[in-house]
Amino acid sequence: MGSIMGGKPPFGHGSPINDPAESLIGRERDIARIGDFVDRAAVQGGAFILLGEAGVGKSVLLEVAAARGLAAGHRVLRASGSQFEAEVSFAGLHHVLHPLLADLPTLTPVHERALSVALGLGEGAPPGQLLVANAALVLLRQAAAARPLLVVVDDIAWLDRASAVVLGFVARRLTGSAVGLLAASRSGEEGFFEHGGLPGYEVQPLDERDAAALLKARFPALAPRTRQRLLADAQGNPLALLELPVALGDLQRLSSGALPPVLPLGRRLQAVFAARIRDLPAATYDLLLLAVLDGTGVLDVPDAGDVLAPAERARLVRFEQGGRLLFRHPLIGSAVVESSTGEQRRRAHRLLAERLADQRERRAWHLAEAAVGPDEEVAALLQAVAYANLCRGDGVRAVTLLLRAAELSPAGPGRAGRLSEAAYIGAIANGDLRAAPRLLEQARRTDRRGESLLTAVADAYHLLNGDGDVDSAHRLLVGAMEMQADPGDVRSKPLIQSLYTLLMVCFYGGRAELWEPFHAAMGRLRPAPPELLDILGKTFSDPARLAPPVLDRLDTVIADLNQELIPERISRVGVAASYVDRLGRCREGLWRVVGHGRDGGAVTSAIEALFLLGNDAFLAGQWEEMEQVVDEGLALCDTHGYRLTAWPGVYLKAMLAAARGQEDTATALADRITRWATPRRAHALLAYAWQITALVALGRGDFEDAYRRSAAISPPGVLASHLPHALWSITDLVEAAVRAGRHAEAAAHAAAVDRAGLAVISPRLAMVAGATAAMVAPDGRYSRLFQNALAIAGAERWPFERARLQLVYGERLRRDKATGQARTQLAAALDTFRSLDARPWTARASTELRATGLPVGPGGAAGMASLTPQQQEIAMLAAAGLTNKQIGERLFLSPRTVANHLYQLFPKLGVASRAALRDALTGSPEERRLAGLDT
């Protein structure tokens, strides 16, 4: 019998401190109920029983009660039942009353003698239990005369029979005294303490939020996938939440790789279930082990119900309707496995493998678990199953299978290759970048005769996210590919994966010479490169020159995204679509990738998808959404150590800051990018920084500075080769050159854009190409060119860039004294800038609009002049009685877009409903003239 709660530490959620309640998470209601009992019992006595599953935190709640009593000045007696003293009569009572034994002489002789004999302090005829119970009650009441007394007893189901009967008697007779008895017992465990009818309640497991908070507080570095698995298996049990991470190795805790099917248990968790498992008949235990290792709950075994009946009576398992077997807690299954011998487990796995001959993956896993040494046949089977999982988008499972295959591989190239594959998949798919060096080193020690291609890929990936540079990663990959026996074998998965990685290295390098080995390698593939890799190699390398011939093929691939299941492939389609302005069509697929990543799936694909969605949201003017997805992506990069992958997210945050006039933030982020990219020769990232700072300069009207920074991306008159970001800085360069008085440079760049034929790529680029031609056109021609550019179907999907072009157009119209037309363009631009909260451009548009003689208040232009041409059309059609759907059909807009425009234009016209639109639209002749309605 142990004192102080049987020597059990308060495993409920934290280490014991002066006030144990302060260390608990999610137990506020429990603490309040127990506190109420302690306070009430000090006045009127009584008993209270806590029930709950093993490890749920009953013991720590008893500690809280004891601390509450001591703090209030109560005397506290503590004890705990023990299975090792369950056969010793009155052992439990002795522990409860031991601090009071000095007061025995104050009892009547009869009561003193009864307790002395019962507790082994004196000799005599054995007293009756009723007499002992009355004597104990009197002793407790006397002790409470000076100050309230709190008796705390843990594990009452393990009390010896005599003590349990006496304490049960006492518990029912404490009312009216200053004695409180607080006891705890595991749910469903039968003992001799009769607590039926006594007040109390069952302590529940932590809910999902509190369980997650406990794990985060105690194990903040857990990998997300590991955290999710532990939460699922622990089911809110605090002991399991605190012990399971300790039982895992460091790598399993910090890695996002797959955990074993059955989690290992520490000693304390084993002890929770060991006794009940140990007492089962051998046949029952064997069938339980088979059920755990099978994992389906469906046992095709004769008389399974009869064999498992003892386990059901022990509250270890239960049967659902239809005969499906369920363990009452996932950790019971873990305890069953922990109690088995190696031979018992291997025998069970062999039996399951025989029964699952038609299920390749499950059969392979059971064969692997039954193996006792290297087995190349089983290793090859596991490797094939790993590929199948990877194709389904489950990279985590693929890594698990490859690592097990490596363990079963004979030493040599086979084992090294499988370790390298595991490192590669973990690094590029699962977020296990930090585990890659260890696996690669194991591969090298296993076979020093040569580096595999995937070893080079994983090394390059780790190099780029560490302190390495683009050129070193490029040399590593190109050298490894050139060493291949058949560098044109399109069926070689390592070769194709290395080409995807080389493509990303070349992109970040941002220099045409880096792409030459890539294009050469693509040309060697027989009979032809994979479709997506071929498309990506053109739209993401040099879209101005190489994308047009493959756009129809890309559109087909995008259209098929709804049937695509592999996250990595979906994100690659998004990458292929990014510089040719097709991301909007990929959104549904990209969100599926994000959801998969949130569930612990392909982390790197989820990061790419989040930044691609952010990229699209920025261009489409959905800036609040952009902030949310980018922040989520950056958090994942930080968690998994992806430094290189994070920069597109940093770029988007900086671009938003620049667009909203947060110059210090934008400049600081651009400086971060520059400092990281410069020593690594990552010119694509330098282009990010140049565009950010160019946008800052444009916003504050420093056009010469904006020109210099834009020209660093792509010199005037040239669309930089193999630097796709040049397509995103065309407007910046030409506008800055025109406003800085560099008309020759502006004209040269507009001509280069025209020669490139960018209009065929997308409506955005068609708008940009037309507008840049308009910027440099002579006075008689620019207006029509601007109008044609701004009227391009679909151009409204890029509101910020379109509004910037409207601003440039309006500025030139004002300078040419075309005041009415200038007001229309400037008001439309101002409306967009205000809706986006693009403050520098709002200020520029407001200044220009005032210069036309039109007053502009805090809310923008006045009356009809504040509406864009499209909003004017929508307003007139709505005033005529058309529905949103009818307006949308006439103007080729969605009803939702029409509703958004109406929502924006109502306050500008000072109306709150459609009914008031007609009066607003028949305002003064001057208003109608300024709005361009009386032309």
Val550 side chain reached by Thr539 side chain, heavy atoms, under 4.5 Å: yes
Qualifying residues under side-chain hydrogen bond (donor to acceptor under 3.5 Å, both in side chains), relative to Asp616, sequence neighbours excluded: Arg587, Arg797
Check whether any side-chain heavy atom of Ser605 sits under 4.5 Å from a side-chain heavy atom of Ile570, and report yes or no. no
From Ser846 OG over to Leu830 CG, what is the distance, rounded to the nearest 0.5 angstrom? 4.5 Å
For Gly770 and Ala789 the tightest heavy-atom approach is C-CB, 3.8 Å
Rounded distance [0.5 Å steps], CD1 in Ile792 versus CH2 in Trp798: 10.0 Å
Side chain to side chain contact (heavy atoms under 4.5 Å, CB included) for Ile535 and Phe540? Distances and angles first, verdict last. CA-CA 8 Å; Ile535 294 171; Phe540 200 58; over 6 Å; no
When you compare the side chain of Tyr642 with that of Leu636, does any pair of heavy atoms fall below 4.5 Å? no
Answer whether the closest heavy-atom distance between the side chains of Thr772 and His749 falls below 4.5 Å. no
Gap between atom CD of Gln825 and atom CG of Leu807 - 0.5 Å precision: 10.5 Å
Provide the closest heavy-atom pair for Ala677 versus Leu685 in the form atom of the first, atom of the second, distance. CB-CB, 3.6 Å
Which residues pass the side chain to side chain contact (heavy atoms under 4.5 Å, CB included) test with Ala687, not counting sequence neighbours? Trp690, Ile713, Leu723, His725
Can you check whether Trp647 and Tyr688 have ring centres sitting under 6.0 Å from each other? no
Taking all heavy atoms of Ala756 and all of Leu719, pick out the closest pair and write down the distance. CB-CD1, 3.6 Å
Only pairs under 3.5 Å count here: list side-chain donor-acceptor contacts from residues 656-666, not counting sequence neighbours, and write none if there are none.
from   : atom 1 : to     : atom 2 : distance (Å)
Arg660 : NE     : Leu836 : O      : 3.3
Arg660 : NH2    : Leu836 : O      : 3.4

Trp728-Tyr579 aromatic ring centre distance below 6.0 Å: yes
With side chain to side chain contact (heavy atoms under 4.5 Å, CB included) as the criterion, how do Glu873 and Ile887 come out once you've worked through the C-alpha distance, each side chain's angles and the decisive distance to 0.1 Å? CA-CA 9 Å; Glu873 286 186 89; Ile887 296 171; over 6 Å; no
Cationic N near anionic O, under 4.0 Å, Arg739 to Glu811: yes
Side chains of Ile607 and Val603: does their closest heavy-atom pair fall under 4.5 Å? yes
With Asp469, which residues qualify under salt bridge (charged side-chain N to carboxylate O under 4.0 Å, His left out), at least two apart? none
Not counting sequence neighbours, which residues clear side chain to side chain contact (heavy atoms under 4.5 Å, CB included) with Arg681? List them please. Asp471, Arg511
Leu206 CG to Leu241 CG distance, which is reported to the nearest 0.5 Å: 6.5 Å
Begin with the C-alpha distance, continue with both residues' side-chain angles, and end with the deciding distance and a verdict on side chain to side chain contact (heavy atoms under 4.5 Å, CB included) for Arg582 and Asp555. CA-CA 8 Å; Arg582 283 158 170 77; Asp555 290 337; 2.7 Å; yes
Sequence neighbours excluded, the answer for side chain to side chain contact (heavy atoms under 4.5 Å, CB included) partners of Ala212 is Leu231
Starting from the C-alpha separation in whole Å, work towards a yes-or-no answer on salt bridge (charged side-chain N to carboxylate O under 4.0 Å, His left out) for Arg572 and Glu608. CA-CA 9 Å; Arg572 284 172 174 167; Glu608 283 184 345; over 6 Å; no
Under the rule for side-chain hydrogen bond (donor to acceptor under 3.5 Å, both in side chains), what residues qualify as partners of Glu848, not counting sequence neighbours? Arg814
Side-chain (Ser571) to main-chain (Glu568) donor-acceptor, under 3.5 angstrom: yes
Is the closest side-chain donor-acceptor distance between Arg709 and Thr693 under 3.5 Å? yes
Go through the structure and list residues passing side-chain hydrogen bond (donor to acceptor under 3.5 Å, both in side chains) with His683, not counting sequence neighbours. none
By side-chain hydrogen bond (donor to acceptor under 3.5 Å, both in side chains), which residues pair with Arg569, not counting sequence neighbours? Glu564
Do Gln691 and Tyr651 get their side chains close enough for a donor-acceptor pair, meaning under 3.5 Å? yes
Identify the two heavy atoms, one from Thr645 and one from Tyr508, that lie closest to each other, and give their separation to 0.1 Å. CA-OH, 4.5 Å
Residues at least two apart in sequence or cross-chain that pass side chain to side chain contact (heavy atoms under 4.5 Å, CB included) with Ala736, listed by chain then number, are Leu698, Ala706, Tyr707
Take the angle between the ring planes of Trp841 and Phe833 and call it parallel below 30°, perpendicular above 60°, tilted in between. tilted
Report the residues that fulfil salt bridge (charged side-chain N to carboxylate O under 4.0 Å, His left out) with Arg764, sequence neighbours left out, ordered by chain and then residue number. Asp581, Glu801
Does CZ in Arg708 sit with more than 12 non-hydrogen atoms of other residues, nucleotides or ligands closer than 6.0 Å? yes
Got Leu634 and Leu610 here, is their nearest side-chain heavy-atom distance under 4.5 Å? no
Candidate pair Leu532 and Tyr500, rule side chain to side chain contact (heavy atoms under 4.5 Å, CB included), full reasoning: CA-CA 10 Å; Leu532 179 55; Tyr500 274 116; 3.9 Å; yes
Separation between CG (Leu546) and OG (Ser541), nearest 0.5 Å, reads 4.5 Å
More than 12 foreign heavy atoms under 6.0 Å from CD of Glu208: is that the case here? no
Ser714 (side chain) donor-acceptor with Ala720 (main chain) under 3.5 angstrom: yes
Ala795 and Pro763 have their tightest heavy-atom pair at N-CB, 4.5 Å
Which atom names give the shortest non-hydrogen contact between Leu612 and Val575, and what distance separates them? CD1-N, 3.7 Å
Measuring from Thr667:OG1 to Ile692:CD1, what's the distance to the nearest 0.5 Å? 9.0 Å
Keeping to residues at least two apart or across chains, list the salt bridge (Lys or Arg N to Asp or Glu O under 4.0 Å) pairs with something in residues 686-695. none
Taking the side chain as every heavy atom from C-beta outward, state whether Val470 and Val505 have any pair of such atoms under 4.5 Å apart. yes
Could you tell me if the side chain of Arg700 sits less than 4.5 Å from the side chain of Val696, heavy atoms only? yes
Got a donor-acceptor contact below 3.5 angstrom from the Ser729 side chain to the Asp732 backbone? no
